[in-house]
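Notes for the one structure printed next.
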Amino acid sequence: MPKHGKRYREAAAKVEKNRLYGVDEAIALAKEIHPAKFDETVELHLKTGLDPRHAEQQIRGSTVLPHGLGRVMRVLVFAEGEAAAAAREAGADFVGSDDLIKQIEGGFLDFDVAIATREMMGKVGRLGRILGPRGLMPNPRSGTVVGAEDIARSVQEAKQGRVEFRLDRLANIHVPLGKVSFEDQKLKENMAALIEAVNAAKPKEAKGQYIRSATLTTTMGPGIHLDLGQTLSLKLT
């Protein structure tokens, strides 16, 4: 196991391991103790009771964080014709079809979100082995495969701070909430938006406890265990 640095150990010493923190207190503590000198990302980690081996218990979705992620998102769009023009007007950074597919096959991955019109997915599908492992493959369930009439809205949402969430092989969900430089209330409201989306995505086939634990952390910081009941009851007002 790698050894943690002095700053991490000092931060971890301020977290009570067996305590469940309220949301407000956890956010304030995460911001106070984050060990890195850069503007770390605040992350929420959810442990679920789902079984990733069963397709019907897989979850994948997205939501727009009301206060964004604190960074400029680079959006790539696979589209042609009027949809391509709408994507450019909405602020997409890269727009194209066969030309973009060839660039990605050649190693181009300098973007954060990929969106495609439904008509383009027949061609984009062959990029699955490249984009899939990186979480960049357009998918209807995450709101990144849309009709041509919705392309502008999807680009705008991605720019504003739409985040995707999905179950990993260990039944966990990991999602960024913003930066430690954000005001506490903005991080809380971003968390509320995410919790609402995750609750809404609960599979009908799920049995037992859906979310088993919630942990708040920063990029380089220790985990802070959250009071689960309070966390799951968060709602945007």
Side-chain angles (χ1 to χ4, degrees), residues 1-54 57-61 63 65-67 69-70 135 163-203 205-237:
M1 293 292 290
K3 293 183 178 180
H4 290 296
K6 179 181 177 183
R7 291 174 64 87
Y8 177 93
R9 294 196 304 271
E10 290 175 346
K14 297 179 181 179
V15 180
E16 298 179 38
K17 292 183 179 180
N18 298 319
R19 179 180 172 187
L20 297 178
Y21 286 81
V23 172
D24 292 334
E25 189 176 10
I27 289 173
L29 180 60
K31 292 177 59 177
E32 174 192 342
I33 67 174
H34 77 95
K37 295 181 179 180
F38 61 86
D39 193 9
E40 294 183 52
T41 297
V42 179
E43 305 168 2
L44 182 66
H45 301 263
L46 302 172
K47 175 68 175 176
T48 78
L50 301 174
D51 188 340
R53 296 173 297 177
H54 298 293
Q57 293 192 38
Q58 286 286 344
I59 61 173
R60 182 171 183 174
T63 190
L65 300 181
H67 304 292
L69 287 169
V163 295
E164 296 184 27
F165 57 87
R166 61 188 301 179
L167 200 68
D168 69 13
R169 62 184 182 86
L170 297 177
N172 299 314
I173 298 171
H174 313 278
V175 192
L177 296 178
K179 297 291 186 179
V180 293
S181 59
F182 279 25
E183 295 174 5
D184 292 18
Q185 185 63 25
K186 289 184 177 181
L187 286 171
K188 184 176 181 179
E189 290 173 1
N190 278 358
M191 187 188 298
L194 176 65
I195 290 297
E196 286 187 349
V198 171
N199 282 334
K202 180 180 179 180
E205 297 79 7
K207 298 179 180 179
Q209 189 174 357
Y210 176 39
I211 305 295
R212 293 183 173 177
S213 67
T215 303
L216 191 71
T217 186
T218 62
T219 307
M220 305 296 290
I224 301 169
H225 298 300
L226 296 167
D227 180 288
L228 190 59
Q230 185 187 124
T231 302
L232 296 183
S233 66
L234 286 176
K235 294 183 182 298
L236 280 174
T237 55

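When the shell of 6.0 Å around CD of Q185 is examined, it contains more than 12 heavy atoms from other residues, nucleotides or ligands.
The distance from atom CD1 of I59 to atom CG of L50, rounded to the nearest 0.5 Å, is 5.5 Å. Note: L194 CG to I173 CD1 = 8.0 Å, rounded to the nearest 0.5 Å. With rounding to the nearest 0.5 angstrom, the CG atom of L44 is 11.5 Å from the CD1 atom of I224. In this structure, R9 CZ and K6 NZ are separated by 8.5 Å, a value rounded to the nearest 0.5 Å. With rounding to the nearest 0.5 angstrom, the CG atom of L234 is 9.0 Å from the CG atom of L226. Separating the CZ atom in R212 from the CG atom in L46 is a distance of 13.5 Å, to the nearest 0.5 Å.
Considering only residues two or more places apart in sequence or on other chains, R53 meets the salt bridge (charged side-chain N to carboxylate O under 4.0 Å, His left out) condition with D51. Under the side chain to side chain contact (heavy atoms under 4.5 Å, CB included) criterion, R60 pairs with N139, R141, S142, E164, R166, sequence neighbours left out. Residues satisfying the side-chain hydrogen bond (donor to acceptor under 3.5 Å, both in side chains) test with N172, not counting sequence neighbours, are none. Annotation: side chain to side chain contact (heavy atoms under 4.5 Å, CB included) contacts of K17 (sequence neighbours excluded): none. Scanning for side chain to side chain contact (heavy atoms under 4.5 Å, CB included) contacts around P66 gives E189, N190, A193, L236, with sequence neighbours left out. For T41, the side-chain hydrogen bond (donor to acceptor under 3.5 Å, both in side chains) partners are K179, not counting sequence neighbours.
At least one side-chain heavy atom of L216 sits less than 4.5 Å from a side-chain heavy atom of L177. Looking only at side-chain heavy atoms (C-beta outward), L20 and L228 stay at 4.5 Å or farther from each other.
Within the structure, every pair that satisfies the ring pair (Phe, Tyr, Trp, His ring centres under 6.0 Å) test and touches residues 31-52, not counting sequence neighbours, is listed here: H45-H174. Counting only residues at least two apart or in different chains, side chain to side chain donor-acceptor pair (under 3.5 Å) contacts with residues 193-202 are absent. Pairs of residues two or more places apart, or lying in two chains, that qualify as side chain to side chain donor-acceptor pair (under 3.5 Å) and include a residue from residues 216-232 are E40-T218, T215-H225.
Nearest heavy atoms, S181 versus D39: OG-OD2, 2.7 Å. The nearest pair of heavy atoms linking L69 to L65 is CD2-CD1, 3.5 Å. A pairwise comparison of heavy atoms in V163 and P176 identifies CG1-O, 4.1 Å as the closest pair. Here the closest non-hydrogen pair linking Y210 and P203 is CE1-CD, 4.0 Å. Here the closest heavy-atom approach between residue G221 and residue P35 is recorded as CA-CD, 3.6 Å. Between R169 and P52, the closest heavy-atom pair is O-CG, 3.6 Å.
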In a table with atom names and distances, give each donor-acceptor pair under 3.5 Å that connects a side chain of residues 21-33 to protein atoms at least two apart or in another chain.
residue : atom : partner : partner atom : Å
Y21     : OH   : E16     : N            : 2.9
D24     : OD1  : K188    : NZ           : 3.1
D24     : OD2  : K188    : NZ           : 3.4
E25     : OE1  : R19     : NH2          : 2.7
E25     : OE2  : R19     : NH2          : 2.8
K31     : NZ   : F182    : O            : 2.6
K31     : NZ   : D184    : OD1          : 2.7

task: Show your reasoning for whether side chain to side chain contact (heavy atoms under 4.5 Å, CB included) applies to T48 and Q57.
output: CA-CA 11 Å; T48 78; Q57 293 192 38; over 6 Å; no

